[in-house]
Every structure is written in C-alpha cells, then in structure tokens.
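Here the structure is a predicted model, which is why all the values come from computation and not from measurement.
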Amino acid sequence: MAAAYPARRVAVFEELRRRLFGIAYRMIGTTADAEDIVQEAYLRWHQADTEEIRSAEAWLVSVVTRLSIDKLRKASVEREKYIGPWLPEPLIASTSPTPEEELETASNLSMAYMVLLERLTPVERAAFLLHDVFDCAYPLIANILRKSEAACRQVVHRARQRVRSEHSRFKASDAALRSLINQFMAAADAGDDVTLLSLFAKDATLTSDGGGVVPAARKVVHGRSRIARLYLLLAKKLGTRLRAEILTINGEPGLVMYLDGTPLAATSFETDGESITALYTVLNPNKLQRVSRIN
C-alpha cells in the first residue's frame with residue numbers, strides 16, 4: 001500500500017508511527033484497535049492537503065486522539081457487559097528491542113498505570129496523556145478537544161489528581177522486580193506456602209481477566225492467603241505441563257505462563273519495594289494471541 005503514496009509522505013508518517021501507536025494504545029488498551037486507528041490516520045494523511053498542514057505531527061496526533069476518543073466511548077459501553085474485570089491487552093516486548101521501542105515503553109505504560117487510566121472519561125484520558133505523557137502543549141490539546149486552554153488545564157488537573165491519588169509513588173528497579181518474580185516462581189513450584197505468603201503484602205490483590213472465555217475470578221481477589229492458595233493449587237494441578245518465563249510486559253518485568261507450550265497467562269506485578277501489592281493477570285486467550293508459543 002505504501003508504494004502507491006509519495007515517498008516523502010510515507011517517510012514522515014513512519015517517523016511518527018510509534019508515537020501515534022503509543023497514544024492510541026494508551027487510550028484504548030488493545031493492540032488491534034490501536035493499529036486500526038493508526039491505519040485510519042495513515043489513510044487520512046495521504047488524502048489530506050499537506051500544503052495547509054503546518055505541523056505533520058500535530059495534525060496526526062490530533063487525528064489519532066480524536067479517533068481514539070470515539071473508539072473509547074463505544075468500547076466503554078461494550079466493557080460494561082464484559083464478564084469479570086477488564087484488563088488491557090498486555091504488550092510483550094521483543095527480546096531485542098530497538099532504542100526507539102525502549103524509549104516508547106519507558107513512559108507510563110505499566111499495567112497498573114493502564115488500569116488507573118480506565119477510571120478517566122475518554123476526554124480526561126486524552127487530555128491527561130497528551131499533556132503529562134506525550135508533552136503536548138495546551139494550545140494543541142485545546143485544538144484537539146475543541147475546548148478552551150483554561151478548560152483543558154482544568155481537565156488535566158482533575159485527571160492528574162484522580163490518577164496520582166491512586167498511583168504508587170514507588171518504582172521498583174527491573175533487577176529488584178525480576179528477583180521478586182523469581183522468588184515467587186520458585187516458591188510456587190516448590191509448594192512452599194510459607195515463603196510464598198511472605199512475598200505478598202497482607203492486603204495484596206489479584207485481578208484476573210478471563211473475559212468469560214476461560215475460568216477466572218470474576219471479582220478482585222483480596223488477601224495474600226487466598227492469592228497464595230490459588231497459585232499453589234495451580235502449580236500442584238498442572239505440574240510439569242506448566243512453564244513460565246520472565247518477559248517484559250508493558251515496559252516492566254512480568255511473568256508469562258505456558259500450558260503445554262501455549263500461552264496461558266501474562267501477569268504484571270506491583271510492589272511497594274518489599275512485597276507484592278497487586279497482581280494483574282490476563283488469561284483471556286484473545287488478548288494473548290501475540291504471545292509466542294514455546295517448545
């Protein structure tokens with residue numbers, strides 16, 4: 001398709017593609033929808049009169065954001081009918097990410113952060129992400145949202161308060177998080193309930209997304225005893241059929257579990273620096289289609 005368009009337009013778009021995908025994914029939370037939005041922006045870009053466009057980036061960011069707002073409004077209605085908790089589709093990083101990929105995933109992409117964004121309205125989410133994550137100026141945000149700059153400042157302030165009041169200020173290093181996950185895996189495999197319990201905060205939570213497709217808790221599980229028991233039972237029941245590896249999920253070390261080589265779950269961890277405070281586990285196979293099998 002690209003060959004049918006002027007090379008310069010294609011090159012300009014490709015330079016911005018990862019940024020545009022980053023906006024769309026953070027708005028919608030699913031890869032396929034984000035890619036569809038970016039593709040629609042691509043088509044509109046080649047149909048536009050570029051002589052009237054002063055900034056290609058601003059124009060494309062505007063198109064992607066507006067498309068994302070419309071899509072999120074429709075998706076929000078559909079998610080009200082979703083069976084059990086809804087979690088974003090996990091982004092599994094390649095084993096050898098490029099510097100651009102590392103930069104893109106370094107900015108507020110964690111599963112815990114994405115879950116918090118679900119509490120915002122589509123317009124709040126767009127304004128907050130554009131300003132606080134993608135460093136867009138208020139004049140551009142005002143133009144995109146068709147609001148005054150003063151109104152946009154209020155929207156961002158309100159959204160920031162809602163997100164930051166819930167967001168953990170602690171950010172574990174990748175090495176510390178990997179160590180904690182390794183301890184978690186070893187204790188579960190060994191059936192060591194004492195060690196496993198010690199890894200969780202007393203009021204830890206487990207959020208599971210099975211989407212009604214596979215068995216999963218339909219409400220958030222509270223308490224380290226209940227969570228530890230679930231993982232001990234899982235390890236005991238599936239035994240050697242179950243394999244796990246640590247991969248980068250939404251910019252942070254996470255755990256991908258496989259059953260007979262097929263992806264079973266992708267789990268992201270939240271920690272206070274000493275204990276696991278929350279687990280976010282995606283079990284819905286429709287959200288694991290991009291996770292490769294293992295032998």
Is the backbone N or O of D36 less than 3.5 Å from a side-chain atom of K71, with the two atoms forming a donor-acceptor pair by type?
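It does not hold such a pair.
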
- Which atom pair, heavy atoms only, marks the closest approach of A41 to V64?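 Scanning both residues completely, I find the closest heavy atoms to be CB-CG2, 3.7 Å.
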
Roughly how far, to the nearest 0.5 Å, is the CG atom of L91 from the CD atom of E252?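 That separation rounds to 12.5 Å.
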
Exercise. Taking the side chain as every heavy atom from C-beta outward, state whether Q161 and H157 have any pair of such atoms under 4.5 Å apart.
Key: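 Counting from C-beta outward, Q161 and H157 do come under 4.5 Å.
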
Tell me the closest heavy-atom pair linking P122 and M27, and the distance in Å.
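Residues P122 and M27, closest heavy atoms: O-CE, 3.7 Å.
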
Q. Between CG of L87 and CG of N284, what distance do you get to the nearest 0.5 Å?
A.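 It comes to 10.0 Å.
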
**Q.** Gap between atom CG of L288 and atom CE of M257 - 0.5 Å precision
**A.**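 Going from CE on M257 over to CG on L288, the span is 12.0 Å.
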
Item to complete: Determine the minimum heavy-atom distance between A126 and T65, stating which atoms define it.
Response: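 Where A126 meets T65 most closely, the heavy atoms are CB-CG2, 3.8 Å.
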
Between E89 (side chain) and T31 (backbone), is there a donor-acceptor pair under 3.5 Å?
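Here the side-chain-to-backbone pair exists.
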
Handout entry: Test salt bridge (Lys or Arg N to Asp or Glu O under 4.0 Å) applied to R17 - qualifying residues, sequence neighbours left out
Key =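 Result, salt bridge (Lys or Arg N to Asp or Glu O under 4.0 Å) vs R17: E14.
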
(request) Treating Ile, Leu, Val, Met, Phe, Trp and Tyr as nodes and any side-chain heavy-atom pair under 4.5 angstrom as an edge, say whether L230 and V282 lie in one connected cluster. (result)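 Shared cluster, no.
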
Measuring from atom CD1 of I276 to atom CD1 of I227, what distance do you get when rounded to the nearest 0.5 angstrom?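 So the gap between those two atoms works out to 9.0 Å.
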
Could you tell me whether a side-chain N or O of R243 sits under 3.5 Å from a main-chain N or O of Y258, the two making a donor and an acceptor?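 It does not hold such a pair.
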
Please answer whether the main-chain N or O of R9 pairs with a side-chain N or O of W45 as donor and acceptor at a distance below 3.5 Å.
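Indeed, once roles are kept as given, a pair shorter than 3.5 Å links the two residues.
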
| message | For R218, is the CZ atom crowded, meaning more than 12 foreign heavy atoms sit under 6.0 Å from it? | response |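 Atom CZ in R218 is not packed in, count stays at 12 or less.
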
Taking the side chain as C-beta and beyond, is there a heavy-atom pair between F128 and V155 under 4.5 Å?
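With C-beta onward as the side chain, the pair stays apart.
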
Apply the test side chain to side chain contact (heavy atoms under 4.5 Å, CB included) to residues F269 and L279: give CA-CA distance (whole Å), side-chain angles for both, the deciding distance (0.1 Å), then the verdict.
-> CA-CA 5 Å; F269 294 72; L279 296 172; 3.2 Å; yes

Quiz item: To which residues is Y82 joined in a hydrophobic cluster, defined by side-chain heavy-atom contacts under 4.5 Å among Ile, Leu, Val, Met, Phe, Trp and Tyr, whether direct or through other members?
Solution: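 The other cluster members (ILVMFWY side chains, heavy atoms under 4.5 Å, direct or chained) are W86.
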
Note to self: Could you walk me through whether Y280 and I249 satisfy the side chain to side chain contact (heavy atoms under 4.5 Å, CB included) test, starting with their C-alpha distance in whole Å, then the side-chain angles of each, then the deciding distance to 0.1 Å, before giving a yes or no?
What the structure shows: CA-CA 11 Å; Y280 302 95; I249 302 176; over 6 Å; no

Note to self: Contact between S76 and E80 at the side-chain level, heavy atoms closer than 4.5 Å - yes or no?
What the structure shows: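 Of all side-chain heavy-atom pairs linking E80 with S76, none is under 4.5 Å.
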
Side-chain touch F13/V38, heavy atoms, less than 4.5 angstrom: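 F13 vs V38: side chains touch.
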
- Task: Find out if a path of hydrophobic residues (ILVMFWY) with successive side-chain heavy-atom gaps under 4.5 Å connects L197 to Y231.
- Result: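 No, separate clusters.
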
Q: Among residues two or more places apart or on two chains, list those pairs meeting salt bridge (charged side-chain N to carboxylate O under 4.0 Å, His left out) that have a residue in residues 176-195.
A: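 Every pair satisfying salt bridge (charged side-chain N to carboxylate O under 4.0 Å, His left out) with a residue in residues 176-195: there are none.
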
Could you tell me whether the side chain of R66 and the main chain of I144 form a donor-acceptor pair under 3.5 Å?
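Answer holds: yes.
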
- Query: Taking atom CG of L255 and atom CD1 of I246, what is their separation to the nearest 0.5 Å?
  - Reply: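 The CG atom of L255 sits 7.0 Å away from the CD1 atom of I246.
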
Margin query: Between S68 (side chain only) and A24 (backbone N and O only), is there a donor and an acceptor less than 3.5 Å apart?
Written below: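 Looks like no, no N/O pair under 3.5 Å.
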
Where do V61 and L20 come nearest, in terms of heavy atoms and distance?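 Nearest pair, atom of V61 first, then L20: N-CD2, 3.9 Å.
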
Donor-acceptor contact below 3.5 Å, side chain S179 vs main chain A176
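Side chain of S179 to backbone of A176, a donor-acceptor pair under 3.5 Å: no, none is there.
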
Derivation of the side chain to side chain contact (heavy atoms under 4.5 Å, CB included) call for R44 and W59
CA-CA 10 Å; R44 294 189 184 191; W59 191 90; 4.0 Å; yes

Inset, instruction - Compare every heavy atom of T207 with every heavy atom of P85, then report the nearest pair and how far apart it is. - result: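 Closest approach of P85 to T207: CB-CG2, 3.6 Å.
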
D33 and K74: CA distance, side-chain angles, deciding distance, salt bridge (charged side-chain N to carboxylate O under 4.0 Å, His left out) verdict
CA-CA 12 Å; D33 287 331; K74 296 175 183 177; over 6 Å; no

Please determine whether side chain to side chain contact (heavy atoms under 4.5 Å, CB included) holds for the pair E118 and M114, giving the CA-CA distance in whole Å, both sets of side-chain angles, and the decisive distance to 0.1 Å. CA-CA 7 Å; E118 289 294 311; M114 290 289 293; 5.9 Å; no

State plainly whether one hydrophobic cluster holds both M185 and V291, where clusters connect Ile, Leu, Val, Met, Phe, Trp and Tyr through side-chain heavy atoms under 4.5 angstrom apart.
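Unlinked, M185 and V291 end up in two clusters.
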
Original post:
So F200 and F184, would you call those rings parallel, tilted or perpendicular, with 30° and 60° as cut-offs?
Top reply: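 Because their plane-to-plane angle is over 60°, the rings of F200 and F184 count as perpendicular.
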
Report task. Locate the shortest heavy-atom distance separating I53 from A48; write the atom from each residue and the value. Result ->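 Minimum heavy-atom separation between I53 and A48: CD1-CB, 3.9 Å.
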
Would you find a donor on one side and an acceptor on the other, under 3.5 Å apart, between the side chain of N250 and the backbone of P90?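 Looks like no, no N/O pair under 3.5 Å.
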
Inset, instruction - Please check if I83 and L283 belong to a single hydrophobic cluster, counting links between Ile, Leu, Val, Met, Phe, Trp and Tyr side chain heavy atoms closer than 4.5 Å. - result: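 Each belongs to a different hydrophobic cluster.
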
Quiz item: Mind checking whether V221 and L199 sit in one hydrophobic cluster, side chains of I, L, V, M, F, W, Y counted as touching below 4.5 Å?
Solution: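 Yes.
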
Flag, side chain of T271 to backbone of S275, donor-acceptor distance under 3.5 Å: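 Checked: pair present.
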
Worksheet item: Hey, is the main chain of L129 close enough, under 3.5 Å, to the side chain of R26 for a donor-acceptor pair?
Response: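 The answer is no, because no donor-acceptor pair under 3.5 Å joins these two groups.
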
| OG1/T205 to CZ/R226 distance, rounded to the nearest 0.5 angstrom? |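 CZ of R226 is found 11.5 Å from OG1 of T205.
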
